[in-house]
K.L.:
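To start, I am sharing the structure in question, which I have written as structure tokens.
Side-chain atoms are counted along with the backbone in the values below, which use heavy atoms only and exclude waters and symmetry mates. Numbers restart at 1 for each chain; the letters A, B, ... are given by sequence-line order, proteins then strands. Note that the structure is predicted; figures quoted are calculated from it, not measured.
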Amino acid sequence: MRQMRKNQSGTISAVTAGGKLGRRIRDMGLIPGARILIRGRAPLKDPLAVRVTTFTLMLRNNEADFIDVEVD
Amino acid sequence: MTATIALTGNPNAGKTTLFNFLTGARQHVGNYPGVTVERKEGTYCDDERVFHIVDLPGIYSLTAYSMEEVVARNYLVHEKPAVVIDIVDASNLERNLYLTLQLLEMDLPVCIALNMMDVAKTRGIQIDVEKLSKRLGAPVVPMVARHGAGKREVMVEAEKLASLAVPQPGLKISYGPDVDETLDELNDVIIENGFLADTYPSLWVALKYLESDEQVMAAGSKANPSLHETLKKKVHRLSEHLKKTLDTYPEAVIADYRYGYVKSVCSKGAVTLDHQNDRIYVSDRIDQVVTNRFAGPVIMAAVIWALYYFTFAVSEIPVSWLETLFGWTGELATSWLPQGVLRSLIISGVIDGVGGVLGFVPLIMLMFFGISILEDSGYLARIAFMLDRVFRIFGLHGNSVMAFIVSGGIAGGCAVPGVMATRTLKSKRERLATLLTVPFMNCGAKLPVFALLVGAFFSTKKALFMFIITLLAWAVALLVARLFRSTIIRGVSEPFVMELPPYRIPSFRGLTIHTWERTWQYIKKAGTIVLSISILLWAMMSFPGLPDSETDRFNHMRKQVLEDHQTKVNQGPDMLKASSGSLKSALRVVDAAEAEAALKHSLAGRIGTALESISRWAGFDWRTNIALVGGFAAKEVIVSTMGTAYSLGDIDPENSEALSGKLANASNWRPLNALSLIIFVMFYAPCFVATVCISREAGSWKWGVFSMGFNTLFAFLLATLLFQAGSALGF
């Protein structure tokens, strides 16, 4: 997900984080099959804002690393 | 006895709005024991029913990872509320139902309040309430909490649910063949042995073992160690199998199936979309400007400055009223009470103490009001978004900025509301590191000390000095935070992933309730402690009193002055006028000398004198030491105590030219001493009110004591280094 650019969309293919971070990512609705759209990045390029169907999340680049996305 | 209803739901789903609507002003805020999560309770009543309502913290899931989740879960398990009202954001249904599902898995009597139906409608989301209710096996009530619509209907459903003789059966969903098989196995073993049966439903225990839930497993290993091991082995076997075949974890599979279940509940006519949902919402459009690379930081700086200005400029008015009131009460006490210990106790101990506590109230109210606006409108999350990259370097969180600013990041703040502003931080370590470093900022009470010293020694460079002092405070606070995060509060930062909530207009009602409850909590809890400490400090600075021989000496001096006056007056009537003036000032000199002697004789004075052998390393004499001891109570006291110690009598901190002149001409004061003192005052122990607040916010007295000890040592070290290096270089 880190490599994606603003306004790119895609479908999450895998979440490779385990433990606390993995659980948190899943609890927030970032699961395989979810449609996402990169809404943009903070002024300092990190974190990034992601639209997941009906809501928007922000996550740090090093957290986005654990999320694989099939880009449209 | 009235039945209890617990409110639960995702953050931003409108839980607090509903709570405020249900309970009105009949609520109070406390803390869950040992943690800093707020516990809000209230009473609902209409013409037919009365319920006790508990507002649980907003959560996304029922794991045991965050404080909020643990608190909510423990409450649901141990206090067994009659009904759980789950507030679900209809415009955001799938993710919200993920929590609902977990509540149903716990066999809880759940009533779903389907909130924000109006938002869902404008987004073209149609929801078939009956279908949803049937599929979830729980009542569903549509509502718009912002307008109070549907609140009565929710309570009617809740009452029905509470009166059910037979609890509704919990939801059993499939987690796929692999997990289901192990789950059933575990469940059988758990039922057979009555494992944890008095606290949790058996299937839920099995599920939590599969999710390797720390809290449930700890309880299990305590209750029955051998069975705990058996269960763990079975779970381990499944984990191995899943790792090999699907390269995943049991808890990930469970989460996937939960989401799958939610999807199937919402499909086939229960939820329909009128049009494609890829349209841009209003919030997105606002964000294009507000979090823009260039405009974003500028707007943020303006908003933060506005909050600061609002808090401190507006509060000046009520603070000055309070000062007048307490000044007047003090005068009243002076004229009514006979001179002596009691009068001194009432004025310097009690009235000043109460005044000290209440003086912060307008500040705290305005700070909470301002921050609530930022929080409820959704802007606070944008601040975290923009600043996270900077604060993360120091092991802090983007939201730490509010606490630093309020504490004096813009010189002149106050650490007390600053410490309380850390409540917006949800991650534990980042919050503690922020709590412990905000007192380094230059609060309004330190400024008179700087003004005094800069005025005495560097009067040509005032503006430059204030600028350097502000930068230095930021640098030191952030670096010390970094130090803490890699030593005493070490540990990886909490996952950052959080919601960027849609912008909303905050409701005035919610803001005022929020503000008042927190302010009242401060008055109640901090007030009593601060008052007793204030009295203690008064005693330290007044006892032991001067021995009789000394008092006699000063009385004798006064008599001498009066006699001199008398002889002059007797010389002729034209001498009367000239002599009256000098008589007054001569008497004042004696009073001031007596006050100085009394202060030196008191416990605080003795401590100050005893410390001189150490404090001279940093260039402080005993007079400064006494003032610094007084500064533990409140930094405002430093200047006035120094005035007394330099026998100038009572000094107004805002108007300290006399003292400034005295210091500039004193033989033992060089500019280097002043610099060293500035550094020390900047960083040494927070005042008592701030210390009390730190202890309360950190959940333990340990941290308050640590803050006092560490900061004082740290400040002394810096001041000593500066003074010794400066002396060696010949300054």
Side-chain angles (χ1 to χ4, degrees), chain A residues 1-2 4-69 71-72, chain B residues 12 59-63 65-66 69 89 91-95 98-99 120 123 125 211-212 247-249 251-252 254-256 258-260 263 277-278 281 283-284 287-288 291-294 296-297 300 381-382 384-390 392 398 492-502:
Chain A
M1 186 186 277
R2 188 206 273 257
M4 290 176 76
R5 283 187 312 275
K6 192 175 175 176
N7 292 327
Q8 260 189 335
S9 63
T11 307
I12 296 181
S13 55
V15 176
T16 53
K20 196 168 184 165
L21 178 62
R23 188 169 295 191
R24 178 86 177 153
I25 288 176
R26 283 191 292 272
D27 286 348
M28 299 300 282
L30 292 166
I31 43 150
R35 299 273 309 146
I36 58 144
L37 167 77
I38 302 295
R39 275 263 323 275
R41 284 188 150 77
L44 293 168
K45 299 284 174 208
D46 187 16
L48 73 166
V50 184
R51 151 65 57 77
V52 190
T53 57
T54 48
F55 54 93
T56 307
L57 298 177
M58 51 177 154
L59 64 169
R60 291 175 178 163
N61 279 331
N62 59 10
E63 294 170 335
D65 280 342
F66 292 100
I67 302 171
D68 299 337
V69 181
V71 178
D72 292 341
Chain B
N12 305 308
I59 49 174
Y60 292 102
S61 180
L62 281 176
T63 57
Y65 275 143
S66 73
E69 289 178 10
D89 175 359
S91 66
N92 216 337
L93 199 56
E94 290 193 15
R95 203 208 44 219
Y98 183 69
L99 175 68
R123 289 191 183 175
I125 303 168
E211 290 183 314
S212 30
D247 191 25
T248 182
Y249 319 89
E251 46 171 312
I254 292 171
D256 284 353
R258 277 193 193 126
Y259 276 112
K263 246 197 172 74
N277 222 335
D278 278 350
Y281 299 142
S283 285
D284 294 351
D287 268 339
Q288 277 173 2
T291 62
N292 175 281
R293 271 201 82 178
F294 305 102
M300 181 169 63
R382 272 74 187 180
F385 180 64
M386 286 186 276
L387 283 178
D388 180 66
R389 190 70 196 85
V390 180
R392 195 197 320 164
V492 284
S493 39
E494 302 265 324
F496 178 74
V497 196
M498 52 189 239
E499 212 177 339
L500 215 45

K.L.:
If you count heavy-atom pairs within less than 4.5 Å of chain B, which of A/G40, A/P47, A/A49, A/P32 leads?
P.N.:
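Heavy-atom pair counts peak at A/P47.
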
K.L.:
Quick check: closest heavy atoms across B/A384 and A/M58, and the distance to 0.1 Å?
P.N.:
CB-CE, 4.4 Å

K.L.:
Step by step, work out the side chain to side chain contact (heavy atoms under 4.5 Å, CB included) result for A/R41 and B/R293.
P.N.:
CA-CA 9 Å; A/R41 284 188 150 77; B/R293 271 201 82 178; over 6 Å; no

K.L.:
Between A/K20 and B/V492, is a side chain to side chain contact (heavy atoms under 4.5 Å, CB included) present by the stated rule, with each step listed?
P.N.:
CA-CA 11 Å; A/K20 196 168 184 165; B/V492 284; over 6 Å; no

K.L.:
Taking distance alone, no hydrogens or angles, what donor-acceptor pairs closer than 3.5 Å link side-chain atoms of residues 5-18 of chain A to residues at least two apart or in another chain?
P.N.:
residue: A/Q8; atom: OE1; partner: A/R5; partner atom: N; Å: 2.9
residue: A/S9; atom: OG; partner: A/D72; partner atom: OD2; Å: 2.8
residue: A/T11; atom: OG1; partner: A/R35; partner atom: NH1; Å: 3.1
residue: A/S13; atom: OG; partner: A/D68; partner atom: O; Å: 3.2
residue: A/T16; atom: OG1; partner: A/F66; partner atom: O; Å: 3.0

K.L.:
State the OG1-CZ distance between A/T54 and B/R123, to the nearest 0.5 angstrom.
P.N.:
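Taking OG1 in A/T54 and CZ in B/R123, the distance rounds to 7.0 Å.
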
K.L.:
Could you tell me which non-hydrogen atom of B/V497 sits nearest to which non-hydrogen atom of A/M28, and how far apart they are?
P.N.:
CG1-CG, 4.0 Å

K.L.:
Below 4.5 Å from any heavy atom of chain A, which atoms of B/N92 appear? Answer side chain, backbone, both or neither.
P.N.:
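Its backbone and side chain both get close to chain A.
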
K.L.:
For the atom pair CZ (B/R392) and CG (A/N62), what is the distance rounded to the nearest 0.5 Å?
P.N.:
5.5 Å

K.L.:
Report the distance from atom OG1 of A/T56 to atom CE of B/M498, rounding to the nearest 0.5 Å.
P.N.:
12.5 Å

K.L.:
Could you report the tightest heavy-atom contact between A/R26 and B/E251, atom names first, then the distance?
P.N.:
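So the two residues come closest at NH2-OE1, 3.4 Å.
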
K.L.:
Any idea which heavy atoms bring A/L57 and B/R95 closest together, and the distance?
P.N.:
CD2-NH1, 4.4 Å

K.L.:
Tell me, side chain or backbone of B/E94 under 4.5 Å from chain A's heavy atoms, or both, or neither?
P.N.:
neither

K.L.:
Using a 4.5 angstrom heavy-atom cutoff, name the option from B/A252, B/P502, B/A381 with the most pairs to chain A.
P.N.:
B/A252

K.L.:
Check each atom of A/R39 against the heavy atoms of chain B and say whether the ones under 4.5 Å are side chain, backbone, both or neither.
P.N.:
side chain

K.L.:
Does some side-chain heavy atom of A/K45 sit less than 4.5 Å from a side-chain heavy atom of B/R389?
P.N.:
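Counting from C-beta outward, B/R389 and A/K45 never come under 4.5 Å.
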
K.L.:
Just by modelled atom types, is the B/T63 backbone N or O under 3.5 Å from a matching donor or acceptor in the A/R23 side chain?
P.N.:
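It does not hold such a pair.
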
K.L.:
Report the distance from atom CG of A/L59 to atom CZ of B/F385, rounding to the nearest 0.5 Å.
P.N.:
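If I round to the nearest 0.5 Å, the distance is 9.5 Å.
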
K.L.:
Mark yes or no for whether B/Y98, through its side chain, and A/D27, through its backbone, hold a donor-acceptor pair below 3.5 Å.
P.N.:
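No, because the side chain of B/Y98 does not come within donor-acceptor range (under 3.5 Å) of the backbone of A/D27.
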
K.L.:
Only pairs of heavy atoms separated by less than 4.5 Å count here; which of B/V390, B/N292, B/D388 has the most with chain A?
P.N.:
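Highest number of heavy-atom pairs under 4.5 Å: B/D388.
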
K.L.:
Quick one: ring-ring contact (aromatic ring centres under 6.0 Å, His included) partners of A/F55, sequence neighbours excluded?
P.N.:
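Expected list: none.
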
K.L.:
So which part of B/F496 gets closer than 4.5 Å to some heavy atom of chain A, the side chain, the backbone, both or neither?
P.N.:
both

